[in-house]
Amino acid sequence: MENIITFELFGEKYSFKAEAGVSNAKEVGDLLTKEVASIEKQISVNAVNMNKISIVALAALNIISQYTEMKQAHTDLVDKLSKRSALLTEKIDVTLQ
């Protein structure tokens, strides 16, 4: 069964389907909403007039940037854990011999 997730941007409601079992689907809409609000706040502080598409594009770029940083950090952590695991396995093997 699919979940219908609804969120609001610029006073309009948007909905998307999330497959069953996707526990963080609501977080996706919430994250975009929060990022758009953050950009709108920055724009109002700087008195810059931007259209809605530009704001959403900046929000998406910010989210993608965060995602790629986290993905790289995850890859680095997995590599580090793999190396430590191999080292510990080698030490255990030497000890058991």
Just verifying a value: how many Å separate Ser85 OG and Lys83 NZ, rounded to the nearest 0.5 Å? 13.0 Å
Considering only heavy atoms from C-beta outward, does the side chain of Tyr14 approach that of Leu9 to under 4.5 Å? yes
Quick check: does any side chain N or O of Ser65 sit under 3.5 Å from a backbone N or O of Leu61, one acting as donor and the other as acceptor? no
Could you report the tightest heavy-atom contact between Ala59 and Ile39, atom names first, then the distance? N-CD1, 3.1 Å
The reported gap from CD1 in Ile55 to OG in Ser38 (rounded to nearest 0.5 angstrom) is 11.0 Å
Please step through side chain to side chain donor-acceptor pair (under 3.5 Å) for the pair Ser54 and Asn51, ending with a clear verdict. CA-CA 5 Å; Ser54 296; Asn51 64 36; 2.9 Å; yes
Should Met50 and Glu40 count as side-chain neighbours, where that means a heavy-atom distance under 4.5 Å? no
Spacing of Ile53 atom CD1 and Leu58 atom CG [to the nearest 0.5 Å]: 12.5 Å
Classify the side-chain pair Gln97/Asp93 by whether it contains a donor and acceptor separated by less than 3.5 Å. no
Is the number of heavy atoms from other residues, nucleotides or ligands under 6.0 Å of Tyr67 OH greater than 12? no
What's the spacing between Leu88 CG and Leu81 CG if we round to 0.5 Å? 10.5 Å
Would you give the length of the straight line joining atom NZ of Lys17 to atom CG of Asn3, rounded to the nearest 0.5 angstrom? 11.5 Å
Is the shortest heavy-atom distance from the side chain of Phe16 to the side chain of Val28 under 4.5 Å? yes
Are Phe10 and Leu31 joined in one hydrophobic group, where the rule is that I, L, V, M, F, W and Y side chains link up if heavy atoms are under 4.5 Å apart? yes
Walk me through whether Asn62 and Gln66 qualify under side chain to side chain donor-acceptor pair (under 3.5 Å). CA-CA 6 Å; Asn62 287 345; Gln66 293 168 5; over 6 Å; no
To the closest 0.5 Å, what do you measure between CD (Glu27) and NZ (Lys34)? 8.5 Å
Begin with the C-alpha distance, continue with both residues' side-chain angles, and end with the deciding distance and a verdict on side chain to side chain contact (heavy atoms under 4.5 Å, CB included) for Lys52 and Glu12. CA-CA 12 Å; Lys52 294 175 186 178; Glu12 295 183 43; 4.0 Å; yes
Answer yes when Lys26 and Asp30 have at least one side-chain N-carboxylate O distance shorter than 4.0 Å, and no when they do not. yes
Donor-acceptor pair, Thr95 side chain versus Lys91 backbone, under 3.5 Å? yes
